[in-house]
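First up is the structure itself, then whatever we jot down about it.
Just so it is clear, the values below take in all heavy atoms, side chains as well, and ignore hydrogens, waters and symmetry mates. Owing to the predicted nature of the structure, the values given are computational and were not obtained by experimental measurement.
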Amino acid sequence: MPLHAPLPDDEHRKRTFEWLLFVVAIFFLLIVARLWYLQVIKAEHFELLAQRNRTRYLPIAAPRGIIFDRNGEILVGNRPSFSVSVLRQDVTDKTALIEDIARILACDAEEIEKNWDKYKYFPQYLPIPLKIGITRDQVEQLSENSMYLPGMIIETKPVRSYPSGSAGAHIFGHVGLISAEELALRQGDSNYRAGDLIGKGGLEKHLNSTLRGTDGQLLVEVDVKGKLLRQRVKRQPTPGQNLVLTLDKNLQQCAQRELDGMAGAAVVLDVATGQILALASSPTYEPDIFTNGISTSAWSELLNNPRAPLQNRAVSGQYPPGSTFKPIIALLAASHPELSHVQQPIFCEGKTRIGNRDFRCWKRSGHGSVDLNKAMRESCDVWFYHMSMRLDIDRIATMARNMGLGRGYNLPLDGEREGLIPERAWKRGRFNESWYMGETAITGIGQGYVLTTPLQLALMTATIANGGTLYKPQILKKVTSHTGGKDAEVKAEVLHHNSIPAVAIAAVKASLEAVVHDPRGTGTTCRIEGLRLAGKTGTAQVVRLADEDEKGITKEEIAYRHRDHALFIAYAPADNPEIAIAVIIEHGEYASKTAIPVTRALLLEYFSTKESDEATEK
Amino acid sequence: MFDRRLVTNLDWGFVGLILLTASIGIVNLYSATSGWDSSSPPLYIKQCLWLGVGVLVMAAVAMFNSRHLLHLGPGAYAVCTAVLIAVFILGETNMGATRWLDVGLFNLQPSEIMKPVIVIVLAQYFSRHERQDGHSLRDLIVPGITLLIPTALIIKQPDLGTGMMLLFIGATMALFSGIRPKTLAFISSACVTLAAGGWFLLHEYQRARIRTFLNPEHDPLGSGYHIIQSKIAIGSGGFWGKGFMQGSQSQLSFLPERHTDFVFSVFAEEWGMFGALILLALYVLIIFRGILVAHKAANNFGMYLTIGATSIIFWHAIVNLCMVMGLLPVVGVPLPLFSYGGTNMVTTMVAAGMILNVSMRRFML
C-alpha cells in the first residue's frame, strides 16, 4: 500500500494550494460585496420595505356625540354592544368552538358557522363577528368559559342607545352603515371609509359631521400569514361633539304618549326664543331596531305602513289650518280698522252670498250679531269671510308669512316643508288664472289652498303670544366640545318683527282667551284650574277621496279617511305667555275630542313640572 | 489504539473555531425561533443537544485512524448507495421529496451521509492515482462514475441542492488533484450542454425556483417570496443591525425557513454587516485552517481527505450565503454549524473530525 509522502514536485503543489486559498478568498469577497450592496447601499430601501411589511393600520371607531335635552338629560347616548367574535389564528378546533358557542348562546350552530364562512376571505388579523348584540349575561357566560374556547373573543363597540325610547325618534334619526353612494359623495375625505357608521336621518344625518368624532388608529403588527402578533393604539379616537337640544325630555315624552294611537303631531315652543321644547310625531317607531342593522322585512313594514311612521309630521305634514288660521285675519282686521271696519258687528245668518254662491258658516242657524271677540270665540265663519274680503288676499298672505306660515326654517330635520300661503301672483304662476273673491273668503277660514305644518302653526301662536316677534325655531341649544373648547351656544334669532298696534294685539289675545274661558267658547274643555289660557280650535276638511283611492281598503279605513283633521293651538299663561302649542290630529274629527286633550296634557306637564321646580328652589 | 500524542497534537484552535461558530449559531437560533411557543423543548435546546452529538461524532472521527477510514471507504460507499436506492424505491415522502428513511429513532437522510463517504472514496482514488501533468478524461472515468451514481439518485429524489453539493465536492477534489487543460475544457462544455438538456429533466418546482431566482419580483407572493423577504431582512439590518431579538423580519416571521436555510438572514438582520463580517471571518478561518492542514498532511490520502472535508464546509457555506442573498436560486442548502438540524450538524462535524484527524497525525508517517 503506497501511503507515500507528497510527491516530489512540491513547487507545483504549493501553487495549487495558493490557487485554492485565492479562490476561497474570491468567493468570500463576493459575499462581502453583496452584503455591502444589500446592507449599506440599499439599506434604506429595504428598511422601508421591512416597515411596510409588518404593519397594518386599523380604525378605532370614535363614539358619536351624545344628544342631551335642555336639562342635561340624555336623549341619545352610547352603550356598548357586545359581539362574540373569533380570531381564527388562535382556534384549535373550529367545530367544537362553534358548538360550544352555540350552546352558550342557545342558538343554532349552523347560523354561527354561516357567519364564520361569510368572512372567509377577511384578513387573518381581523376578528370576525359570529353573533352581534349579545346580552350581558351571555357575555359573562362566555367569558367564564373563555379558557375552553380558544380563539373566542368578546368585542365591544359603541352603539346608539335611546333612553327615551320612541319619543323623538323622528328628530334624532338613526345611524347605519355608510352606503356606496354616501361614500362617493365624500370622496377625498379621509375620515370616511367603507364600513363606517353614518347618520341616516334627522339630527344624526344633518349634524353628522358634528356628532361624528375622528376615528383612532390601531397599529397592528402582523406576520407573513397575516397572523396578529401585537397591536398598540397609535391614535386615540376623538369622540364626536355633544349636542344639547332645546327639547324638554319630559314634555317630549308626554307629547309622544298623548299622541299614541293616533296619527298627528304636537309642537311646543318657547315663545320668547323660538326654542322647540317638544316636537312629536305619531305614529313613531323604536329607533333601537336600527342599532344592529334592521332586517329587510322590518324595514319594508315601516315603509309600507299606511300611517307612515317614518314621516316627521311636525315639520313635513302639511295640513289646511282651518280655523286656527283665523287669528291672522283677526289681527289684520284689528290693525286695519279703516279697511275692515272691525268696530261694526257683522250679522251671521249661517251663510253669506259671494258672487253667485253661498258660503256657509259651520253653524247653520247662524251666530247673529258678531264682533271680533265673538267671531274668534265661537269661530264664526261668516265674519271671517267678510273680513278677509275687506282685507284682500295679498295683505293676508304677507301677514301670514310674517307670522311664520308658508316658509321654511332650514332645521336639521328630515323632510321639512314650507306649506302654502296662496296669493294672486302664486295662482297666476301656478294655474295661470286670476284670483276670485270667493277664494279670499275661503282662505280666511284656513281652507282652500292654504297648507301649514304643525311647527308653523306653533310659530304663529308664539308670535301672537309674544306680541308679534317671529323667532327662528331652534332645536339646537348648544354644541359642547370634548376637547375643552368653548361651547357653541345657539342664539335666538328674530326673523321678523311685526308692528301690530297694541289695541289690535290686545283684542285678539282677549278673544283667544275667551275661546277657553268664556262659557260659549269652542275650547272650554282645555281649561286648567289656576291657569289662564288662550287657544283656538280648528277643523280641517279633508278633500273627498277619489273612487280609485278607496279600492282595496276596509270600510273602517274609508270612514277614518273621511273624517276631518282636528287642530288646536294654545299659549299660556295668557297674561304672560311662556309656551305656545300646536296640535294636529289627522282625522281627529274635532278639537275637543282629540287635539285639546293632548294640548291640555302638555300644559299640565309643563306647568306642574315648573311648579315643582319652583317649589324645590324655595 | 489511543495515542497520547493525539491529545498533545489536537488542533485546539480549530476546535475552538468550530465551537464558537456553533455557539453563535445557537444564540441566533434562540432569537430566530423566540416567537414560537409550540414545540417543546425549544429548538435551540435541541440544537444544543445536536451540537453535543456533533462534538462526540467529531471526536470519534478525529480519533479514528485514517488508515481504517481508507479501508472503510468502499464498504460505506456501497452501503450508502444501496440505501439511496432503497430510499428511491420505498422512501418516505417528506415535503414532496423522498429524502428521509425512517430508521426508528430518527429519520435518516442517506444523501447527507453520502457527502463524507464520497470524500473518502475519492480521496482514496486520487491519492493513488497521482499524475504529474494532470488527469486525462480516461483517468476520470472511475471517480466520475463513482460520483455520478449517488448524485443522480439524489437529484432524482428530488434533492437538487444535495446533488449539486456532491458534484461540487467531487469536482473540487478532482480539480485539486489536477486535470489536463484540454480535458477540463471538454468537461466544461459537456456540462453546459447537459445543463441545457437537464432543464427539461428538472421537476417543475425546481424550474420555478430557477425562474424566480432570475426574476424574484415577478411573483412576489409565490415562489419569489422567499428571496424577496430574505433580502429585505438582510438589507434592512444595515451596517449595525437591529439588535438581538429585534429583527422585525425575523421576529414577525416574514422570513420563511428562518431556522434552517434562512438562518443567516436572521443573523444579518439583527447584527448587521458588522456581525455578518465577523461570522464570515470565522468561516474563512475554518476553511483556511482546513487548507493549511491539507498542505501539511502526513500523506496524500490525508491531504485529499482534508481537501474534500473542507470543501464540504466551504460549498455549503458559500451556496447557502449566495442563496439567501439572492445570488443563487433557493436550493435548500443549510449553513454549516448555523442552520438548525441534526443531519447538517453531524455532516459538518464529520468533516471537521476528518480535518482534525489529519491534522493530529501530520507528524506520523
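- When only modelled atom types and interatomic distance are considered, B/Glu130 and B/Ser177 share no side-chain donor-acceptor pair under 3.5 Å.
- Here the rule is side-chain contact (heavy atoms from CB on, under 4.5 Å) with A/Met152, and of A/Asn145, A/Val86, A/Leu142 only A/Leu142 fits it.
- Between chain B and the options A/Leu20, A/Ile41, A/Leu30, heavy-atom pairs under 4.5 Å are most frequent for A/Leu20.
- Using cut-offs of 30° and 60° for the angle between ring planes, the B/Phe168 and B/Trp315 rings count as tilted.
- A salt bridge does not link A/Glu99 to A/Lys94: none of the charged nitrogens lies less than 4.0 Å from a carboxylate oxygen.
- Taking the six-membered ring wherever Trp is involved, the centroid distance between the rings of B/Phe267 and B/Phe338 falls below 6.0 Å.
- At a cut-off of 3.5 Å, with distance as the only test, a side-chain donor of B/Lys242 or B/Ser236 sits close to an acceptor on the other residue.
- In terms of non-hydrogen atom pairs under 4.5 Å with chain B, the most contact-rich of A/Val32, A/Val40, A/Leu38 is A/Leu38.
- No other option in B/Ala268, B/Gly238, B/Ala294 has as many heavy-atom pairs under 4.5 Å with chain A as B/Gly238.
- Side-chain contact annotation: B/Ser230 with B/Ser265, donor-acceptor N/O pair under 3.5 Å present.
- Only the side chain of B/Ile287 comes within contact range of chain A, with heavy atoms under 4.5 Å apart.
- For A/Trp36, the parts lying under 4.5 angstrom from a heavy atom of chain B are both the backbone and the side chain.
- With a threshold of 4.5 angstrom between heavy atoms, B/Phe176 approaches chain A through its backbone and through its side chain.
- Within the 4.5 angstrom heavy-atom criterion, no atom of B/Leu292 approaches chain A.
- Between chain A and the residues B/Phe288, B/Phe239, B/Tyr283, the most heavy-atom pairs under 4.5 angstrom are made by B/Phe288.
- Of the listed residues (B/Leu175, B/Leu321, B/Ile234), the greatest number of heavy-atom pairs within a distance under 4.5 Å of chain A belongs to B/Ile234.
- Between chain B and the options A/Val24, A/Thr16, A/Val23, the largest number of non-hydrogen pairs under 4.5 Å is found for A/Val24.
- Ring geometry, B/His129 versus B/Tyr125: the interplanar angle falls under 30°, so the pair is classed parallel (tilted spans 30 to 60°).
- Of the listed residues (B/Gly272, B/Ala317, B/Gly178, B/Ala276), the one with the most heavy-atom contacts under 4.5 Å to chain A is B/Gly272.
- Only the side chain of B/Tyr304 comes within contact range of chain A, with heavy atoms under 4.5 Å apart.
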